[in-house]
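Working notes for the structure below.
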Amino acid sequence: MKQSERNKRNYIIIGLCAIVAIMAVGFAAFSQQLTINSTSEVTSTWDVHIKEGGVSYKNAVDATSTLAEKTSNLVATFACNLTTPGTSTISYDVVVENKGSLNAKLDSIELTGGNDAIAVVTSPTNASLSTSPIILAPNDETTITVTVSYNDINTVPTGDGLRTNIVAKLNFSQTSDSPSPAIPTYTVEDLKANTVTTGDGLYDNQDGTYTYKGSNPGNYLSFAGNIWRILGIDSTGIKIISDERIDLTGYKGEESSSTEGEFDSQGLRDSSSNGAGGTYCSQGSYGCNIWSKDYLPAGDYTNGSKTGTVLLDSELKTYLNGTYYTSTLSSNSNIIDGTYNVGPYNNETAYTWTGKVALLTGP
């Protein structure tokens, strides 16, 4: 795991199980929206709505749903009760169908409701719709997932603080664009059957692992509403890396002048934290660039000029494997534990860590 004196990497890697279907990415061209201003008779029909019985909830962890219903054609209301602060999460699936004769494009998803204790995210996100638009041709349907989870705040809420109504409004418009062609899917075994020995592509390392190499190896993957790239394959599955820097909005260690994140909030694990769950550090106001406390039995760790007895996980590691995993990635069941090199910048293989989300590991 690349670490400088003040590590600012925020490209992240996750592991996926071997049975996940892998999709090549196609990019649809944008075109102008069709607007009908004619006073002539128009026989086309507009009928885009939430499917009857198409609102359901799933993956409830320490949470209950007392209401999940369609309140109008493109509005759904959810009443959720997160019973356990810190662990509660619940996901809702909303199925939308196009029963008209005009193509429809999902422009945005409006969310209202909630409070400081509750975080709400959607898949797809509004940001992803700008690069990967959802277009429904007649008789097509799509599923929008809304995930509600506990938002880590300083004051633990009680009672009604974890109970709220969430309203999701789906904004569709008429479009002249057509849906992108069906994206082919491939299994991991399909990928292994197409290795190369020169140029760009997937290389067989002859030890049970495979690695994508080259400037354009064709390793894009659509997953969890975003574009990722496959790094490689091992006996447990595949590892993928975010194609763009992730949004660290809400992460406590985020610098005020940048969207890049430190390992810790200022002072969390510096020398003043000894004996209080922090880390003995010889220097550095943003911690010791130490990913996790679970390296050696005694917790001793050296990172360049910084040394310490590690008693606390880094704030970034906790955030990525907590709020980011449960909310942005919706605790996706295809994400499994992987092994990552997390040693200091000059010796990354010195220590390994097993978990779901980590930073980019160097060669």
Side-chain angles (χ1 to χ4, degrees), residues 45-100 102 104-130 132-136 139-153 156-174 224-226 247 249-250 323-333:
T45 58
W46 174 264
D47 184 9
V48 180
H49 58 262
I50 295 175
K51 189 175 182 178
E52 188 67 31
V55 180
S56 61
Y57 68 93
K58 61 180 183 179
N59 297 335
V61 178
D62 295 327
T64 59
S65 175
T66 56
L67 176 69
E69 68 176 9
K70 176 181 72 173
T71 54
S72 69
N73 281 350
L74 290 171
V75 177
T77 300
F78 320 109
C80 52
N81 181 20
L82 307 182
T83 57
T84 306
T87 60
S88 295
T89 182
I90 188 169
S91 295
Y92 300 89
D93 280 344
V94 181
V95 181
V96 180
E97 60 182 357
N98 183 2
K99 288 301 183 182
L102 299 168
K105 178 182 177 182
L106 177 59
D107 296 313
S108 64
I109 304 170
E110 292 182 35
L111 294 173
T112 56
N115 53 54
D116 290 341
I118 293 177
V120 187
V121 296
T122 64
S123 180
T125 63
N126 282 323
S128 69
L129 290 175
S130 63
S132 302
I134 292 180
I135 298 174
L136 298 182
N139 296 315
D140 280 353
E141 62 181 43
T142 190
T143 299
I144 312 298
T145 299
V146 179
T147 300
V148 182
S149 63
Y150 172 76
N151 190 24
D152 189 13
I153 58 177
V156 178
T158 58
D160 289 339
L162 288 176
R163 185 180 299 112
T164 188
N165 284 352
I166 304 295
V167 179
K169 180 182 178 183
L170 311 178
N171 296 314
F172 280 86
S173 65
Q174 178 187 332
N226 291 289
D247 182 4
T249 302
T323 300
Y324 181 79
Y325 170 68
T326 58
S327 297
T328 304
L329 298 178
S330 304
S331 300
N332 193 294
S333 61

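Since we're looking at a predicted model, the values are computed, not measured.
Legend: residues meeting side chain to side chain contact (heavy atoms under 4.5 Å, CB included) with S108, ordered by chain and number and at least two apart, are N126, N171.
What you find for V75 and K169 is that their closest heavy atoms are CG2-CG, 3.9 Å. Here the closest heavy-atom approach between residue I50 and residue V55 is recorded as CG2-CG2, 3.7 Å. When every heavy atom of P124 is checked against every heavy atom of L129, the shortest pair comes out as CG-CD2, 3.8 Å. In terms of heavy-atom proximity, Y92 sits nearest to V148 at CE1-CG2, 4.0 Å. Taking both residues in full, the closest heavy atoms of G113 and T164 are given as C-OG1, 4.3 Å, listed atom of the first, atom of the second, then distance.
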| Would V96 and E141 satisfy side chain to side chain contact (heavy atoms under 4.5 Å, CB included), going step by step from the backbone distance to the final call? | CA-CA 5 Å; V96 180; E141 62 181 43; over 6 Å; no
| said: For a side chain to side chain contact (heavy atoms under 4.5 Å, CB included) check, start with the C-alpha distance between T142 and L106, then their side-chain angles and the critical distance, and finish with the verdict. | reply: CA-CA 10 Å; T142 190; L106 177 59; 5.7 Å; no
| query | Checking side chain to side chain contact (heavy atoms under 4.5 Å, CB included) for the pair N98/F172: CA distance, chi angles, key distance, verdict? | reply | CA-CA 10 Å; N98 183 2; F172 280 86; over 6 Å; no
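Taking CG from N332 and OG from S91, the interatomic distance works out to 9.5 Å, rounded to the nearest 0.5 Å. Atoms CG and OG1, from D93 and T147 in turn, are 8.5 Å apart once rounded to the nearest 0.5 Å. One distance of note links NZ of K99 with CG of N139; it measures 4.5 Å at 0.5 Å rounding. Separating the CG atom in L82 from the OG1 atom in T89 is a distance of 7.5 Å, to the nearest 0.5 Å. Within the model, atoms CG of L170 and CD1 of I144 stand 6.0 Å from one another, a figure rounded to the nearest 0.5 Å. If you take CH2 on W46 and CG on N73, they are separated by 11.0 Å, rounding to the nearest 0.5 Å.
A donor-acceptor contact under 3.5 angstrom links the side chains of S149 and S327, judged on distance only. Checked by atom type, the side-chain pair S331/T326 shows no donor-acceptor distance below 3.5 Å.
Annotation: side chain of I166 is in contact with side chain of C80 (closest heavy-atom distance under 4.5 Å). F78 has its side chain within reach of V94: a pair of non-hydrogen atoms, C-beta onward, lies under 4.5 Å apart.
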